[in-house]
Amino acid sequence: FLLMGKTNFVKQNFNCGACGSDSCRDMARKVALGVNVPYNCVVMAHDEAKHERARNAEYLSLIRNIGDNLFSTEDASYAAQVEESLRVLSETVGCSAVAIWRRAGGPDSAQCKRVFGWYGDDPSSVSIHGDWPAEWIERLKNEERILINARVDHASLFPNNVQTLFIVPIHLRGEFWGFVDAVSIVDRTFSQEEASLLEAAGILLFSGILERELNGSLVTAKEEALAGTRAKSDFLSRMSHEIRTPMNAIIGMTHMGKQADVLDRKDYCLDKISNASSHLLGVINDILDMSKIEADEFELSAVPSRYEQMLQNVSNVINFRENEKKQNFTVHIDSRIPAMLEGDDQRLTQVLTNLLSNAVKFTPEEGSIRLSAALLGEDGDTCTLRMEVTDTGIGITKEQQKRLFQSFEQAESGTARKFGGTGLGLAISKRIVELMGGNIWIESVPGKGSSFLFTVQAKRVLDTDASTSALHGDMQSIR
């Protein structure tokens, strides 16, 4: 009686006429006494129960196999294994296609993208055309299962042979993650058991996908952390060299200067001490700037300044270095750039000096270096400027370019040994440029040279000084 749902007097004494007994109670009594009763409701109930147990066993086996395959499959065959699981799921519930879709965008977004799907031999015959209707997504967010007659409701979304669409939402930890959709080319319904199977399989598949993503993120984070640790270790090694070398020079030249009796010899020692001190101060300033950037305390100070004079000052700074290597240095300034601009000219000078110093360092003797400045546009009193430092130096490979603007990095480990440097200049320059509302990048061909380009924003201010320097145009061989 329980199997047949006959739990009250009326149902137990009902006569359906199927087995020839006066009532279901009479039929049950005969069965209990061993009287041979032809095919009857009890036999049917037992058959249905047996079929249901077999079906449940099949469902449980499917879920177990999906779980085993998902969490033990190598990355290379992971996608194929998921699609195979969806194929078996589709065959088990008797539909033409099954797919899992993931929410795209924020919590309020109605966009979903297909992650995996199985569509048989002809995907175009059963796959959706276009985006999912927003009202469906809202219903799914509210944990509502949706059964669609594809010929009536949004028929344009589906191929002509699709009859039924069943959508089961997937929520993980109370949050809507996506859904599983089952497509059928016949008009049908889905039982509660089939809906539960689709939901369980969907949760399992989503959990597997999220675990893979989390593991991938953890591996990436670990590799990045190790790379950062190695970079900082290399950086500390370089710093010890960069600090120790000028300190040794200062100590050594101070001792020699004290011992020297000839004035020229003392002057020579003092010059070396001055150069070593300047180098050491530059290293210390880089370290202090980097520490401010790491602590997010790096700030700019905007003041009015004469743009061309700033470029002239930068040119004067590297004048001696490029003269030593007999390099050809040219400057070109766009005549449209305002004479007076408001910005942090000291930090901009720092960026240009760093880029030009690198150009001089990595460009061979009698090579060429070019500094150019152009006005890209104006928005009210805000000017967008682009500056470019181009050289005919050793160039940088694509792989090396990826590391250039990272903290504590140089193009390659041998660079510091051969050319010196802390590896902080470009990282600091990148932060300065970003604070000025711009960005910095590189274009380079190994063996032919490099171009460092960056944009910044500065405000146009009134030029109260009638006298302006005539630097516009090309300035050949500034020395």
Side-chain angles (χ1 to χ4, degrees), residues 234-292 301 303 305-306 309-331 344-367 369 371 389 391 393-394 408 410 414-429 432 469 475 477-479:
D234 293 341
F235 166 75
L236 290 174
S237 176
R238 290 199 303 270
M239 284 301 96
S240 64
H241 172 76
E242 289 292 325
I243 294 175
R244 187 169 58 246
T245 300
M247 282 299 297
N248 286 337
I250 292 172
I251 294 171
M253 288 298 165
T254 300
H255 177 73
M256 290 176 61
K258 288 181 177 180
Q259 301 294 325
D261 296 329
V262 182
L263 184 60
D264 289 344
R265 186 65 175 172
K266 288 183 179 290
D267 288 342
Y268 171 81
C269 293
L270 289 174
D271 287 340
K272 294 298 182 182
I273 292 173
S274 176
N275 292 337
S277 300
S278 297
H279 176 76
L280 183 59
L281 180 61
V283 172
I284 294 172
N285 285 336
D286 281 352
I287 295 174
L288 292 176
D289 285 343
M290 201 65 235
S291 66
K292 289 181 181 179
S301 178
V303 294
S305 60
R306 189 171 297 282
Q309 186 60 53
M310 182 271 296
L311 293 182
Q312 183 68 68
N313 293 338
V314 171
S315 301
N316 292 338
V317 169
I318 69 158
N319 194 25
F320 174 74
R321 301 177 192 172
E322 56 93 11
N323 260 337
E324 283 185 328
K325 299 181 73 173
K326 300 178 182 179
Q327 294 167 339
N328 181 42
F329 177 46
T330 60
V331 178
D344 195 329
D345 60 322
Q346 291 186 356
R347 290 300 185 184
L348 187 56
T349 298
Q350 183 178 349
V351 174
L352 289 171
T353 301
N354 178 263
L355 296 180
L356 287 169
S357 296
N358 286 342
V360 172
K361 183 191 301 183
F362 297 111
T363 300
E365 291 189 1
E366 300 184 355
I369 299 171
L371 168 63
V389 175
D391 62 60
I394 59 177
F408 317 113
Q410 288 186 321
T415 300
R417 291 191 298 269
K418 185 175 181 180
F419 297 100
T422 64
L424 295 178
L426 290 178
I428 296 171
S429 297
I432 294 173
S469 56
M475 298 193 301
S477 303
I478 299 178
R479 301 182 191 180

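How far CG of N316 is from CD of Q309: 8.0 Å, rounded to the nearest 0.5 Å. Note that CD1 of I432 is 8.0 Å distant from CG of D344, once rounded to the nearest 0.5 Å. Of the inter-residue distances, the one linking D261 atom CG with K266 atom NZ reads 7.0 Å to the nearest 0.5 angstrom. C269 SG to H255 NE2: the interatomic distance, rounded to the nearest 0.5 Å, is 10.0 Å. With values rounded to the nearest 0.5 angstrom, Q346 atom CD is found 7.5 Å from S301 atom OG. Interatomic distance, M253 CE to D271 CG, rounded to the nearest 0.5 Å: 10.5 Å.
The side-chain heavy atoms of I369 and I318, taken from C-beta on, include no pair separated by under 4.5 Å. For the pair K326/N323, no side-chain contact is recorded, criterion being any heavy-atom separation below 4.5 Å from C-beta on. Using a 4.5 Å heavy-atom threshold, the side chains of F329 and L371 count as touching. At least one side-chain heavy atom of L263 sits less than 4.5 Å from a side-chain heavy atom of D267. Between L426 and L355 there is a side-chain heavy-atom pair separated by less than 4.5 Å.
Put simply, the side chain of S291 gets close to the backbone of L288: a donor and an acceptor are under 3.5 Å apart. A donor-acceptor pair is defined here as one N or O able to donate and one able to accept, closer than 3.5 Å; such a pair exists between the side chain of K325 and the backbone of T363. Between the S277 side chain and the I273 main chain, a donor and an acceptor come within less than 3.5 Å of each other. Of the possible donor and acceptor atoms, none in the side chain of N319 sits under 3.5 Å from a partner among the backbone N and O of S315.
Between D289 and R347, at least one side-chain nitrogen of the basic residue sits less than 4.0 Å from a carboxylate oxygen of the acidic one, meeting the salt-bridge criterion.
More than 12 heavy atoms of other residues, nucleotides or ligands sit less than 6.0 Å from atom CD of E324.
Of all the heavy atoms in G393 and P364, the pair that sits closest is CA-CD, 4.0 Å. In terms of heavy atoms, L352 sits closest to M310 at CD1-SD, 3.8 Å. The two residues V389 and A359 make their nearest non-hydrogen contact at CG1-CB, 4.0 Å.
A donor atom on one side chain and an acceptor atom on the other are not found under 3.5 Å apart for Q350 and N354.
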- Could you please spell out the steps behind the side-chain contact (heavy atoms from CB on, under 4.5 Å) verdict for I243 and L280? CA-CA 6 Å; I243 294 175; L280 183 59; 4.0 Å; yes
- Item | Derivation of the side-chain contact (heavy atoms from CB on, under 4.5 Å) call for R265 and M256 | CA-CA 9 Å; R265 186 65 175 172; M256 290 176 61; 2.7 Å; yes
